Amino acid sequence: LKRFDFDWDRNVPVKFNDHFTFPRELDLEPYTVEGLDRLSAPSPAPGQPVKYALAGVVVHMGGASAGHYYSFVRIRDTPDTRAAGTAGQWYCFNDNTVSPVNMTDEYLASQCFGGNQTVETADAYGTTSYEQQRNYSAYLLIYDRIVPAETFPTPLASLPEENSIGSDEGVPIATEAPSVAIEESKSPMAVDGDGKASESPAELNLPPALSRGSSDRQLVEKMTQLIQNQDTLFHGQAPPSIQQAVLMSSLYVVHQRDLFDPMYFTFLGSLLDQHAALDDQAIIAVTRLAVYFIFNTYFHAHDSLRQCAARCPDDLALLLHRSAACVVDFATLVSENTLWLAQCLLECPRDPVRQATQSLLTACFAALQVHGRAARAAMVAADPTATAAGSLDVLRNADARLASELVAMIGKHAAEHFRTASHLFSALNAYLAQGIASVNVVLDAGIVHQLTGFLFGDTPDGMRSAERRWASRQAQQFATIHSVVSTLVRSHDATARQIAGCPPNPHAALPLASLPPLPDILSTAFLDDDRYLSELISTAIDQQDAVSLLLYGCWGSLAFSERALRMLVDELAQSSDLTSVCRALKAIAELADPLQDERIAFLLQGSGAQGDEHRGIIGLLAVRTYPRRIYALVRLVVDLLPLRRASELVRAQRARWQETVAWLEQQSNARPVYDRGPAQDTTLQRTISVQTTLDTALAAVRDTM
């Protein structure tokens, strides 16, 4: 029932508790396809009722913003409930309280229909009655299809004992026809091989033992014999849905009985523990067995069961390093069965499983690198062989295929499972750290478009999203994506972005002599895009990889430095992690390149002639609203005082500096040392660290006088 809505005039959610009646029984035949066809006929004939009975009611008590749910449930009419005497009985389920109720029409109306009720209040002057709207009413209605009682099968537990008073071909005959005896007038029609219904029950070809005179127990015994003898009672196959249900039920039984068995786990764990004694031919078979076991069974078991084979993932990682054929087989299997990666790396709710999957992928990439170096060494040996060259190509192909599958998962699954995507990005970052060859593989796989699409919702055809896709708390859950971006960018030479005569960038991920030039696609997507810088600073500034990327971009580039510094200073006004932001600002100011003095001036003093755009740290000291933030700025400036340019700028603003330090002294003195209450934005605790910083700041004030 549509009990909730939104009032756009008042901008608030609302709940409707208006009176609404509903029947105990519904006839939906007029709304079926047959019923609509019948009603559209010139002379509609009576239809066959399709009736549903009220089986449950979910009631909501409260308003649109808060409330409580409870339910009324009717016990279904089955042979078991009829035998127990509970069929049709109503119960109220209210949290941990379950109680029977007498669901009369009056009770149903008072508890579920909503509307007004009469309320009486008594005081010294008498009793007063008034109408008041109920705050509880039915929200969900559940109806069951009405099935004739005679269609219910008789439970085996209630089968009557045999009472032989005669026989028909040696089979005892019951005194009454059993409930499951087959009658010609009510027998279900058989279905032949062409899907046509048989018109006569005689076509079922039932043996004499299954005639109307047989007892229920005899019927069950004979049916069992027919099944065991593979005789056919009905022509044709069961519907596909039934076949699928039987298959899934059988697989479940097999899994529980055989696969998810402690002895099976212990056996495979012991087998993998003995891998050192296996020859090269057996080790490949054991590796394949381990891969299928770990991804199909081990990762899907409970923690207690996995303890029976706790070393399986570690043993598999050792197998990958032992043989090149094993690691190629592992990479091929995982690349072909991408569902394994989606289930175990992203979808699995257990963090240990996702971590183990990431570790296996990292071990696989590391083993591919080890075997690849061995193959290259064999190629440059005195007698290079075609076998070594072929092995190197196989290793490279397996490496590129698995890495490409991980890149594709960013676009296919990462957005849907963003809370667990950190393991995917960590595996990719570990792969990128292996060298420029790995970087080229993922660039060829289109990782830039996958990352921008995930972060901002950009499309591969170049359509850019103007709005932020993720909230800050969401983005913090996959902040490891910025480690991937940092490694990608810092694995290239950005000399073209730097001023002339700038020394080599010390923050590159690899030695600059071996790095190719920074591609335009990377600089455009990450270094020149304010969307990405804002995302990086707001969600990952506490990570070293994020700070390294900022330092890499600022080195020798004043334009990038000013953009980064401006965003970091803006972040100081809204971030709760003042320490991380100030640490990043300090690291950028300490960059010892030809632009250091200009960066320090921009940070502390602002943008000079365009001072309205960026006031700088010293300008922000005049806004003395939140002591903790002002203290963070003062501590940052104190840390920069050893730098010549920073010291000069502080001396130039000695009056403002002196006023700020004195104000902080006053604010910190307002809170006693013994007060350990929670520190808020509007308060400043006088700790040893605060006192030391203020003493240093006061010394700087005295030096400027």
Side-chain angles (χ1 to χ4, degrees), residues 1-7 12-33 35 47-122 127-155 157-158 179 241 245:
L1 307 179
K2 188 173 176 58
R3 290 286 187 183
F4 298 95
D5 205 343
F6 194 85
D7 188 341
V12 294
V14 294
K15 179 192 176 185
F16 303 119
N17 284 305
D18 299 346
H19 184 76
F20 179 81
T21 62
F22 48 86
R24 290 177 178 266
E25 188 175 293
L26 291 174
D27 184 6
L28 298 184
E29 189 275 336
Y31 309 101
T32 62
V33 175
Q48 187 69 24
V50 181
K51 292 187 176 182
Y52 288 78
L54 185 66
V57 182
V58 178
V59 178
H60 179 266
M61 173 187 292
S65 301
H68 172 65
Y69 290 95
Y70 56 94
S71 304
F72 295 101
V73 179
R74 176 176 58 83
I75 302 299
R76 287 187 171 92
D77 186 6
T78 65
D80 290 337
T81 58
R82 286 201 299 269
T86 59
Q89 175 65 51
W90 284 85
Y91 287 85
C92 177
F93 290 77
N94 193 343
D95 287 344
N96 61 345
T97 302
V98 180
S99 56
V101 296
N102 184 17
M103 190 61 76
T104 61
D105 291 342
E106 294 77 11
Y107 187 83
L108 179 66
S110 64
Q111 296 296 318
C112 303
F113 287 173
N116 295 333
Q117 61 180 343
T118 302
V119 179
E120 294 185 352
T121 59
T127 303
T128 304
S129 300
Y130 61 93
E131 292 291 318
Q132 176 179 303
Q133 191 178 56
R134 296 183 174 93
N135 69 338
Y136 52 90
S137 55
Y139 178 51
L140 292 176
L141 307 179
I142 296 92
Y143 285 84
D144 277 348
R145 178 78 177 268
I146 297 179
V147 182
E150 60 269 15
T151 63
F152 288 116
T154 302
S158 61
S179 59
S241 59

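All values derive from a computational prediction rather than experimental measurement.
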How far apart are the C-alpha atoms of Phe16 and Lys2, what are their side-chain angles, what is the distance that settles it, and do they pass the side chain to side chain contact (heavy atoms under 4.5 Å, CB included) test? CA-CA 8 Å; Phe16 303 119; Lys2 188 173 176 58; 5.7 Å; no
Full working for side chain to side chain contact (heavy atoms under 4.5 Å, CB included) between Leu54 and Trp90: CA-CA 11 Å; Leu54 185 66; Trp90 284 85; 3.9 Å; yes
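Separating the CZ atom in Arg24 from the CE atom in Met103 is a distance of 7.0 Å, to the nearest 0.5 Å. To the nearest 0.5 Å, atoms OH (Tyr70) and OG1 (Thr97) are separated by 13.0 Å. With rounding to the nearest 0.5 Å, the separation of OG1 in Thr86 from CG in Asp77 is 9.5 Å. The line from OH of Tyr107 to SG of Cys112 is 8.0 Å long, rounded to the nearest 0.5 Å. Considering CG of Asn94 and CG of Asn96, their distance stands at 8.5 Å, rounded to 0.5 Å. Once rounded to the nearest 0.5 Å, the distance linking CD of Gln132 with OG1 of Thr118 reads 10.5 Å.
Between Phe4 and Tyr139, the distance separating the two ring centers is shorter than 6.0 angstrom.
For the ring pair (Phe, Tyr, Trp, His ring centres under 6.0 Å) test, residues two or more places apart in sequence or in another chain that qualify with Phe22 are Phe113.
Heavy atoms of other residues, nucleotides or ligands lying less than 6.0 angstrom from OH of Tyr69 number more than 12. For Lys15, the NZ atom sits in a packed shell: over 12 heavy atoms of surrounding residues, nucleotides or ligands are nearer than 6.0 Å.
Using a 4.5 Å heavy-atom cutoff, the side chains of His68 and Asp95 are in contact. Counting only heavy atoms from C-beta outward, the side chains of Leu1 and Leu140 never approach each other to under 4.5 Å.
Under the 3.5 Å distance criterion, the side-chain polar atoms of Arg134 are matched with a main-chain donor or acceptor of Asn116. Under a 3.5 Å cut-off, the side chain of Gln89 and the backbone N or O of Arg76 do not form any donor-acceptor pair. One N or O on the side chain of Arg3 and one on the backbone of Ala138 form a donor-acceptor pair closer than 3.5 Å. At least one donor-acceptor pair under 3.5 Å links the side chain of Asp27 to the backbone N or O of Val50.
For Leu26 against Pro23, the heavy-atom pair with the smallest separation is CD2-CG, 3.3 Å. When every heavy atom of Ser137 is checked against every heavy atom of Gly114, the shortest pair comes out as CB-CA, 3.8 Å. Minimum heavy-atom separation, Glu29 to Gln48: CG-O, 3.0 Å. When all heavy atoms of Val101 and Cys92 are compared, the closest pair comes out as CG1-CB, 3.9 Å.
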